[in-house]
Amino acid sequence: MKETITLLLRTALDALRAEGALPVAGRDDNIQVEAARDRAHGDYASNLALTLAKSAGMNPRELAERLVKALPDANAVSKVEIAGPGFINFFVNAGAAGEVIFDILEAGDDYGRNNDGGGQKVQVEFVSANPTGPLHVGHGRGAAVGDSLCRLLAANGYSVTREFYYNDAGAQIDNLTLSVAARLKGIEPNDPAWPKDGYRGEYIQDVAHAYMQGETVSADDRRVTAAADPEDMAAIRAFAVAWLRHEQDLDLRAFGVEFDIFYLESSLYESARVEATVEQLIDGGHTYEADGALWLRTTDFGDDKDRVMRKREGGYTYFLPDVAYHLDKWQRGFTTVINEQGADHHSTVTRVRAGLQALEAGIPAGWPEYVLHQMVLVTRSGEEVKLSKRAGDYVTLRDLIDEVGRDATRYFLVSRAATSQMTFDIDLARSQSSDNPVYYAQYAHARVCSVEAKAAAEGKPFDADSAANALHRLEDQREKELLNRLGRWPEVVKRAASGREPHQIAQYLQELASDFHSYYNAVRVMVDEDELRNVRLALGMAVRQVMRNGLDLLGVCAPREM
RNA sequence: GCCCGAGUGGCUCAAUUGGAUAGAGCAACGGCCUUCGAAGCCGUGGGUUGCAGGUUCGAGUCCUGCCUCGGGCGCCA
């Protein structure tokens, strides 16, 4: 429909140019047609006259009038109006507007999907938590946003790889190992002998216990049997990492998030990629030695100060493997890479990009992309909470899922723009009432299932042919609004993906659910008249389909009953 | 001090990427269940979009300068 209207406007525009009323040199001819946000503005609106007024040397309303006069007849359009400063508003007739219902029912799960990506490879790196503790709410936000982003990109025709990167060898793993070793000797966090910077959470005790039991743990990317020897630091380290990776797998599984690749920092050393990267940077002439360390002149590429690559004592800083890792991503053919991380890591953005530029490997300056999410504050009864039974000092993701459920947790964490700090209200997420946006959306889906079942039970199962004959009967304002909303779905899917903003999906679903509940309360579906009943059922089923498609993009269930 | 992000009704957040009268939910108040699920609907009140300039047909959105809050500023990741 939008395409039809764009075409009408183009025809009118060409006609005016042909008769010399407009300068032919229209440099940018992108005709904007948008679904109107206000009913009074019709179904679709264009600002064409406003954007062209200046170059045409005409006032916008006058230009709009000439455009409207030049519009060819189209039976889908029932009325055209000029409003405000010069907007052209199109009113679509009921039968044509209703066609979207069958577009949706025929496309099914594919409605809203497109092939804009053309199979192009995209990699999304997210969560990337180090194996030193259970996942917390911040990781949960990253998981919810990252996973939804992946689903969105796939829906837009991209070939998506989900990757989880973690440090399995650095100083933090040393701390982990020392912490477990201390627990093995019966040392507790408050003892004077407790290692400095040790991990104090109770789960360390669990690791120690499992280790001495000789347990075998398997994670998505490894499997390790405990040596049960309290003196064997290498064995403790290997077991602890596996144990925590396993815990994180359980967290992710409970959250419904899966990864294609777990990428180890240690592998960058084993494959000599770190060494190769160093040499390449030195060859590029962007390095220098000072204070016994090797520096990279990142200030050549927008950083506010230079960064150390190799420490005085010989080891590399984390920043170097980061660069090596991203070079590897590039070499694997990912021209689009999106890193989803907490905003507390934002300082790595400039650094990594600078390092990649210094490689002079033909990597574009703004590569890779970053989606940084802000902090999450969790509240209960209006007060900040720190669920601490397992972790010691922060809200674990698993505790949250256990308490409020997977669907609600995901929906909440993904429904706000990543750039804004958010408050996660446990009371609201738990409430099984209208207050809860998750149930609000899911209930719309379940309601359609319910009425469809009722129709079947009464011996009046849905009849598509009957509905197809009655599209013009959808004349109620609420029905028109629903149709308008449904027709906008494909654009929402595009926009949410291109802007890397999955929260737009949640936003849309709330609006769709609202439109539907309002309609359902006011207009009866199960009427005696066959065609009217069937066309209303069809409308409901279209809503259900879009609701299901949308919830799927968020990784949330679409239940048949609540 | 420098860098990133945010500032929208009492609270939590949106706003079709520069569009028309800034919208939802919570909280407050008043209505709607003998008919498709009330996990729902309808209605009322509540705003100088942090402040001051600027850009233009048009600014919550873009630019400049301030203010406040969060995060970062390590030879940790």
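Every chain is numbered from 1, with letters handed out A, B, ... down the list of sequences.
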**Message:** Taking atom types as they are modelled, would you say the side chain of A/Asn89 forms a donor-acceptor pair with the base of B/A20 within the 3.5 Å cutoff?
**Reply:**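 Side chain to base: pair present.
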
**Face-to-face stacking of A/His346 with B/G5, centres under 5.5 angstrom, angle under 30°** =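 Not stacked by the 5.5 Å and 30° rule.
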
**Asked** A/Phe87 stacking on B/G19: centroids under 5.5 Å, ring planes under 30°?
**Response**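 A/Phe87 vs B/G19: stacking no.
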
Roughly how many Å apart are [M] and [N], using the [atom1] atom of each and rounding to a whole number?
{"N": "B/C41", "M": "B/A27", "atom1": "P", "value": "14 Å"}
{"N": "B/C67", "M": "B/C13", "atom1": "C1'", "value": "23 Å"}
{"N": "B/A59", "M": "B/A22", "atom1": "C1'", "value": "12 Å"}
{"N": "B/C26", "M": "B/C57", "atom1": "P", "value": "42 Å"}
{"N": "B/U64", "M": "B/U55", "atom1": "C1'", "value": "11 Å"}
{"N": "B/U61", "M": "B/G53", "atom1": "P", "value": "14 Å"}
{"N": "B/C11", "M": "B/G19", "atom1": "C1'", "value": "30 Å"}
{"N": "B/A15", "M": "B/G60", "atom1": "C1'", "value": "8 Å"}

**Request:** If the plane angle is over 60° it's perpendicular, under 30° parallel, otherwise tilted; pick one for A/Trp295 and A/Tyr288.
**Result:**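 It falls in the parallel class, under 30°.
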
**Prompt:** Mind checking whether A/Phe259 and A/Phe126 have parallel, tilted or perpendicular rings, split at 30° and 60°?
**Reply:**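 Judged by the thresholds at 30° and 60°, the geometry between A/Phe259 and A/Phe126 is tilted.
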
**Asked** Do A/His517 and A/Tyr440 have their ring centres less than 6.0 Å from each other?
**Response**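 Ring centres of A/Tyr440 and A/His517 closer than 6.0 Å.
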
Expressed as a whole number of angstroms, how long is the span from [X]:[atom1] to [N]:[atom2]?
{"X": "A/Leu372", "N": "B/G70", "atom1": "CG", "atom2": "C1'", "result": "14 Å"}
{"X": "A/Asn167", "N": "B/A77", "atom1": "CG", "atom2": "C1'", "result": "6 Å"}
{"X": "A/Asp344", "N": "B/G72", "atom1": "CG", "atom2": "P", "result": "6 Å"}
{"X": "A/Asn521", "N": "B/U35", "atom1": "CG", "atom2": "P", "result": "12 Å"}
{"X": "A/Asn47", "N": "B/U56", "atom1": "CG", "atom2": "C1'", "result": "14 Å"}
{"X": "A/Asn175", "N": "B/A77", "atom1": "CG", "atom2": "C1'", "result": "11 Å"}
{"X": "A/Gln341", "N": "B/G72", "atom1": "CD", "atom2": "P", "result": "14 Å"}
{"X": "A/Asp515", "N": "B/A24", "atom1": "CG", "atom2": "P", "result": "11 Å"}

Any Lys/Arg nitrogen of [X] or [Y] sitting under 4.0 Å from an Asp/Glu carboxylate oxygen of the other?
{"X": "A/Arg307", "Y": "A/Asp304", "result": "yes"}
{"X": "A/Glu458", "Y": "A/Lys454", "result": "yes"}
{"X": "A/Lys329", "Y": "A/Glu163", "result": "no"}

May I ask you to test the [X]-[Y] pair for a side-chain heavy-atom distance under 4.5 Å?
{"X": "A/Gln248", "Y": "A/Tyr166", "answer": "no"}
{"X": "A/Asn339", "Y": "A/Thr348", "answer": "no"}
{"X": "A/Arg351", "Y": "A/Leu296", "answer": "no"}
{"X": "A/Phe90", "Y": "A/Asp43", "answer": "no"}
{"X": "A/Glu452", "Y": "A/Pro461", "answer": "no"}
{"X": "A/Gln421", "Y": "A/Leu377", "answer": "no"}
{"X": "A/Leu400", "Y": "A/Ile426", "answer": "yes"}

**Request:** Could you check whether A/Ala293 gets within reach of a base, just the sugar-phosphate, or nothing at all, counting any heavy atom under 4.0 Å?
**Result:**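 Touches a base.
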
**Request:** Please work out if A/Val376 contacts a base, only the sugar-phosphate, or nothing of the nucleic acid, heavy-atom cut-off 4.0 Å.
**Result:**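 Contact class for A/Val376: none.
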
Considering only heavy atoms, which members of [range] lie under 4.0 Å from some atom of RNA chain B?
{"range": "residues 455-463 of chain A", "value": "none"}
{"range": "residues 526-536 of chain A", "value": "A/Met526"}
{"range": "residues 312-329 of chain A", "value": "A/Arg312, A/Thr317, A/Tyr318"}

**Request:** Step through the shown structure and confirm whether more than 12 heavy atoms of other residues, nucleotides or ligands are within 6.0 Å of CD on A/Glu561.
**Result:**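 No, not enclosed.
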
**Item:** B/S/- contact track for nucleotides 6-18 of chain B, protein heavy atom under 4.0 Å
**Value:** S-----BSSSBB-

**Asked** Between A/Asn167 and A/Gln172, does a side-chain hydrogen bond (donor to acceptor under 3.5 Å, both in side chains) hold up when you go through it step by step?
**Response** CA-CA 8 Å; A/Asn167 170 352; A/Gln172 300 191 26; 6.0 Å; no

**Request:** Go through the steps for A/Glu501 and A/Leu152 under the test side-chain contact (heavy atoms from CB on, under 4.5 Å), then give the verdict.
**Result:** CA-CA 9 Å; A/Glu501 293 184 332; A/Leu152 270 168; over 6 Å; no

**Message:** For B/C33, does the O4'-C1'-N9-C4 or O4'-C1'-N1-C2 angle fall within 90° of 0, making it syn, or is it anti?
**Reply:**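 For B/C33, whose glycosidic angle is within 90° of 0, the conformation is syn.
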
**Message:** Please classify the glycosidic conformation of B/U17 as syn (within 90° of 0) or anti (everything else).
**Reply:**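 Base orientation relative to the sugar is syn.
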
**Request:** For a side chain to side chain donor-acceptor pair (under 3.5 Å) with A/Asp476, tell me which candidate from A/Arg478, A/Lys480, A/Arg473 qualifies.
**Result:**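 Per the side chain to side chain donor-acceptor pair (under 3.5 Å) rule, the option paired with A/Asp476 is A/Arg478, out of A/Arg478, A/Lys480, A/Arg473.
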
**Message:** For A/Ala45 versus A/Asn89, what's the shortest heavy-atom pair and its separation?
**Reply:**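 Distance-wise, the nearest heavy atoms are CB-OD1, 3.3 Å.
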
**Asked** Under 4.0 Å between a side-chain N/O of A/Lys454 and OP1 or OP2 of B/U35, yes or no?
**Response**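 False: A/Lys454 side-chain N/O out of range (4.0 Å or more) of B/U35 OP1/OP2.
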
**Item:** Contact under 4.0 Å: A/Tyr440 side-chain N or O vs B/C26 OP1/OP2
**Value:**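 For A/Tyr440, the contact criterion (side-chain N or O under 4.0 Å from OP1 or OP2 of B/C26) is not met.
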
**Prompt:** In terms of the nearest nucleotide of RNA chain B, which residue is placed more toward the 5' end: A/Met375 or A/Asn130?
**Reply:**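 On the 5' side of the pair lies A/Met375.
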
**Residue closer to the 5' end of RNA chain B, A/Thr51 versus A/Lys305 (nearest nucleotide)** =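 Nearest nucleotide further toward 5': that of A/Thr51.
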
**Item:** All stems with RNA chain B, defined as three or more consecutive Watson-Crick or G-U pairs under 3.5 Å
**Value:**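 Detected stem regions: B:1-7 with B:67-73, B:10-13 with B:23-26, B:28-32 with B:40-44, B:50-54 with B:62-66.
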
**Request:** Please list, chain by chain and in numerical order, all residues satisfying side-chain hydrogen bond (donor to acceptor under 3.5 Å, both in side chains) with A/Arg310, sequence neighbours excluded.
**Result:**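 Per chain and number, A/Arg310 pairs via side-chain hydrogen bond (donor to acceptor under 3.5 Å, both in side chains) with no residue.
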
